[in-house]
Structures are given as structure tokens and as C-alpha cells.
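For reference, positions follow the sequence shown, starting with 1.
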Amino acid sequence: MSPYAAGRRSVHRSVATGVPLALLAALTVAGTAVGAPSGEARVTGSATLGDIPLGTFSNALLPGTVGDDRDVDLGGIGSDIYPSGRKGEFWTVTDRGPNGQIKVAGEKRRTFPVPGFDPAIVKIRVSGGTVKVLDAIPITTSSGKPVTGLSNQKGRDEAPYSYDAKTPLSYNPNGLDTEGIVRAEDGSFWLVDEYGPSLIHVSARGKILTRYVPKGLGLTGADYRVVEALPAVLLHRKMNRGFEGLAQLPGGDLVMAVQSPLSLPDTDAGEASLTTRLLRFSTKKRAVTAEYAYRFDPVNVVDPSEDDTSELKISSVVAVGRDRLLVEERTDKAARLQIVKLTRGADILGDKWDDDTTSPSLEQLDDPAASGVPVLRKRLVVDLDAVKGVPGKIEGVARVDHDTLALINDNDFGMTDGPEAFDAQGRLVDSGIETTVTYVRLPRGI
């Protein structure tokens, strides 16, 4: 039985009597302020999201979408975090929903235990030690139907299976694996997705206006407008490693980060590479206007406990000036924040590195700068692994003020991989990892 079973029953009763979604408030957890020597980054507060049954949450937004939530609670909102403009309030976004992997006959299968779950934009308030849900906006198609988080294309995306990896599920061209989020001045949202990878423009109430995908993707059957406007080289994105970070620069331009190096010319090259890419998108021209090569630090520098280069990822990018970005390099256990400056001289858009026949590829270069590639220069701001009180798997970073950052982790809806994720009755065996917003103060600011 889920450790939250008793709490789940009481929340279901509240919803049945008409309590608004905003009052599905998290349980209060005492805030923390972890001490640190003067001059070092330190945690100044921490707040936790309490237990909200996923079925209750989803069906309040789109009735009937979730029949059985398998005792999964709302989580996964840590895919990104963006300031709402009011103190302590943020916009967040879920990823595609509860999912895991189970090995069957030597092959890993991607599972979707709650296939009816619809990704959502969630507005939260951090109050004391509690994260409260203020509002939630389902992401829907042009006709108002749920997009779901299911895989899009056979042969390109992982085949979707039931919670126990035994029953194949249908692909859905509308499906999104949402990650980064920003809010435009007109109240609409921009999101990024790992499947395409894609950039998605969403109305203030969650309806997809346009999904921008790589040229040549050939996505058909979607119930919304799809435009092939991104460089074709992105078709070589690693499985489940499309766009994850999204930043909004002053003036409205967007910057998307490819989570991991492209698999170019093949998987082995991508797994061993330290070079990924950032793309600049003009919301006025509706086009990519620049591309940049970003170089990771060696994996054992980012995470001394890790020796697998393929574990490196960019999960968040944050605008901290007209042409400056805060970039999060991470593994699942450690993260470092770097500052880069986007310059015209570093633009490689349309260069030979966008041609997938170029050999060696950008990803294969051991020293891109020595080969004439203008790699972005970076400066370390903070090593979060060295800051006591910061949880693992930080995927969202927001700038609160000159000195303070808000971090949010992805708790994967309390799921783990493997057949042990669910008990014999098909109920979640919760990992115990909670969604947490953590404030970190930087002694020298940004």
C-alpha cells in the first residue's frame, strides 16, 4: 500500500465536496536554513509539496482523463520553474507524467503507468515550508483535448507500454514531454519538449498555438499547428534528451538548450561527447537566429562520484542579462551553474557543423576550439554539490533577485525504474522523494 493512502482518502473527500484545486494545499513542512561559513553559497529556505492524488488533480482539470492513478501523487512539476512576478510565486511545468523503464528479454521498455495523464502548467506559492498549488492549466490541442505525454512516432521515440511493461500502448502524435517554461508579456507560455525536440507556443489557458519542430521530422496527425522551423541537425537528438532548458532574454528572444550532445554521426559519438548546443529563437520572426556550441566540464568535475560522460545534461538555462545566461550542468546527483555570454562571433548557425555529413562532426571533436569552433566561454558561479541542503536532480532554476536563486527538483512522481516500482496489486511503491523548492543565496550574486 502507498505510504500516502490515508492522506489520499481525505483529499478525495475534500474534492468531492467542492474544495477548489488551489486548496489541495501541500502539507506543512518546517522551512530550513542551513548554516554555511560567511562568503559561501548557502541554503536559506526549503519548502515541500505535499500529497495530492494524481487522479484528483488531473480529473479536476480535464474530467475523466485518469481512471486509475495507481496511487501516484502529483509530482514531476520540477521540470522547470519561472518567476510569476509576485514574491514567492512561480510557474512550473510537469514533464510527460509518471514513466519508468523495465527490462524485458534484455531490452528496456518505457512504461506509462498513468497513460491518460496530461502535462500541465502549475502555478505554485512557496510559503514557509510549504509549496501550495495556486492554479493549474492543462496543455491541450486545438480542439481542447489532452495532448498526453505519450511517445509521438514509431521508430523515432521509445515504444510506450503499460505500468508492468507487458501491454503496448498507442503512439500519440499530440504527446509532449514538456520541460522548460517561460511566460511572455501577453500571458502566453513557451515550452520546450524532448520528443521533437520542439518549441511550443501555448495560450494563456494552455491551448497549443504552434509546435516548432526540426525540418524533416515529418510529424503528422497532430491536432494543432506543426511548423518545421528548427535546424534539421536536431533530428539526431539522443533518445529522451531533446530540449530541456528554456530562457527568455530581455526583448523576448528565447534560448533553448539541447540536453545532451547529439548522436552525430552515431550513438557512440554522442555518448562520449562533451559538446552540446544552444539555439536562439526570435519570437517576432518565428525563426532560429543563432546557434552556439556549449562545452561541458568533464563528468568527474561536475560529479566526482560519476565516470560516465553520457550522464552529463543541461537542465536549465536562465537569462541574467541582455546576452548572458546561467546554465546548469548536471548529473542526477550533482549540478554546477555557469555563466555564459552569447556573442555574434560564437554563432555557428548554418555553418558546416549543422551539416550531418560533416566529418568529424562537432560532437566528435576532442577540442572544438582548436578546430576553429567558437565555443562559448563560461564562468563557474556555484557548485551546488558543495552547498549543504540542496537535493539531487535539480531541473529548474529561477533567479529571485541579484543574490538568490530558487531551485526545484524533479521527483519523477515518486517512481523508480524496474518491476519493483509497483506492488503485486499495481499500486506505486513510492520512492519517498518529494518535490522541493530550495532557496540558495550567493555571496557575490550574479
Side-chain angles (χ1 to χ4, degrees), residues 32 34-37 39-48 75-81 95 101 179-180 194 238 240-241 243-245 247 257-261 270-276 278 294-318 320 325-340 376 378-399 404-412 414-417 431-444 446:
T32 61
V34 180
E40 295 183 9
R42 62 189 178 93
V43 169
T44 58
S46 181
T48 302
I77 67 171
S79 284
D80 204 3
I81 186 169
D95 60 17
Q101 286 186 315
E179 296 294 344
E194 297 216 53
K238 181 180 176 180
N240 293 327
R241 300 282 184 91
F243 292 143
E244 183 143 312
V258 182
Q259 186 180 15
S260 297
E271 298 281 87
S273 181
L274 288 173
T275 307
T276 191
L278 307 180
Y294 183 92
R295 188 81 170 161
F296 286 104
D297 284 338
V299 66
N300 61 351
V301 173
V302 177
D303 181 353
S305 70
E306 184 60 69
D307 60 6
D308 183 354
T309 296
S310 70
E311 290 298 312
L312 288 169
K313 313 171 183 75
I314 291 179
S315 275
S316 183
V317 287
V318 181
V320 291
L325 287 180
L326 190 64
V327 180
E328 182 202 10
E329 297 181 30
R330 74 166 180 91
T331 66
D332 281 352
K333 295 174 287 186
R336 286 155 60 96
L337 301 180
Q338 308 272 0
I339 284 281
V340 299
L376 290 174
K378 63 185 186 181
R379 173 178 61 83
L380 181 66
V381 173
V382 62
D383 180 352
L384 294 176
D385 193 37
V387 181
K388 184 178 179 181
V390 174
K393 206 175 183 186
I394 295 295
E395 288 199 6
V397 179
R399 191 184 190 189
T404 307
L405 300 173
L407 315 175
I408 191 168
N409 68 313
D410 179 8
N411 81 326
D412 292 317
M415 275 195 61
T416 55
D417 285 335
S431 68
I433 299 172
E434 306 290 355
T435 298
T436 304
V437 176
T438 305
Y439 289 109
V440 172
R441 184 174 178 82
L442 305 176
R444 289 172 291 279
I446 300 175

* **Test item: K378 side-chain N/O and R295 main-chain N/O as donor-acceptor pair under 3.5 Å** => yes
* Structure fact -> CG (L380) and CG (L337) are apart, to the nearest 0.5 Å, by 8.0 Å
* Check whether any side-chain heavy atom of I433 sits under 4.5 Å from a side-chain heavy atom of D412, and report yes or no. => no
* Stepwise, does the side-chain contact (heavy atoms from CB on, under 4.5 Å) test hold for Y294 with V327? -> CA-CA 10 Å; Y294 183 92; V327 180; 3.8 Å; yes
* To do: Go through the side-chain N and O atoms of T44 and R441 and say whether any donor and acceptor fall under 3.5 Å apart.
  => no
* Closest heavy-atom pair and its distance - L325, A247 -> CD2-CB, 3.7 Å
* Any idea which heavy atoms bring E328 and A335 closest together, and the distance? -> OE2-CB, 3.5 Å
* Structure fact -> Correct closest heavy-atom pair for T275 and P261 would be O-CB, 3.2 Å
* Asked: Out of curiosity, I77 CD1 to I408 CD1, how far, rounded to the nearest 0.5 Å?
  -> 4.5 Å
* To do: State, with a plain yes or no, whether a side-chain heavy atom of D385 is found less than 4.5 Å away from one of P304.
  => yes
* Would you name the heavy atoms of E395 and G78 that are closest together and state the gap between them? => CB-O, 3.2 Å
* Determine yes or no for a side-chain-to-main-chain donor-acceptor pair under 3.5 angstrom, with T276 supplying the side chain and V258 the backbone. => yes
* Asked: Would a 4.5 Å heavy-atom cut-off, applied to side chains only, mark V299 and D308 as touching?
  -> no
* Asked: Between V317, V320, V382, which is the residue that forms a side chain to side chain contact (heavy atoms under 4.5 Å, CB included) with L326?
  -> V320
* In Å, rounded to the nearest 0.5 Å, how long is the span from CG of D410 to CD of E244? -> 8.0 Å
* **Nearest-0.5 Å distance, OG of residue S315 to CD of residue Q259** => 5.0 Å
* Asked: Are the side chain of N411 and the backbone of G76 linked by a donor-acceptor contact shorter than 3.5 Å?
  -> yes
* If you take all heavy atoms of I394 and V390, which pair is closest and at what distance? -> CG1-CG1, 4.0 Å
* Has the side chain of E194 got a donor or acceptor atom that lies under 3.5 Å from a matching backbone atom of F243? -> no
* Taking it one step at a time, do V301 and F296 satisfy side-chain contact (heavy atoms from CB on, under 4.5 Å)? -> CA-CA 10 Å; V301 173; F296 286 104; over 6 Å; no
* State whether the side chain of N409 and the backbone N or O of K393 hold a donor-acceptor pair below 3.5 Å, judged by distance alone. => no
* K313 side chain vs E311 backbone, donor-acceptor pair below 3.5 Å -> yes
* Asked: Got a second to check how far D332's CG is from D303's CG, nearest 0.5 Å?
  -> 9.0 Å
* **Under 3.5 Å donor-acceptor, S260 side chain and R241 backbone** => no
* Asked: With distance as the sole test, does R336 use its side chain to make a donor-acceptor pair with the main-chain N or O of D297 at under 3.5 Å?
  -> no
* To do: Return the minimal non-hydrogen interatomic distance between P391 and T438, and the atom names on each side.
  => CD-OG1, 3.5 Å
* Structure fact -> Taken to the nearest 0.5 Å, the spacing of D95 CG from E179 CD works out to 5.5 Å
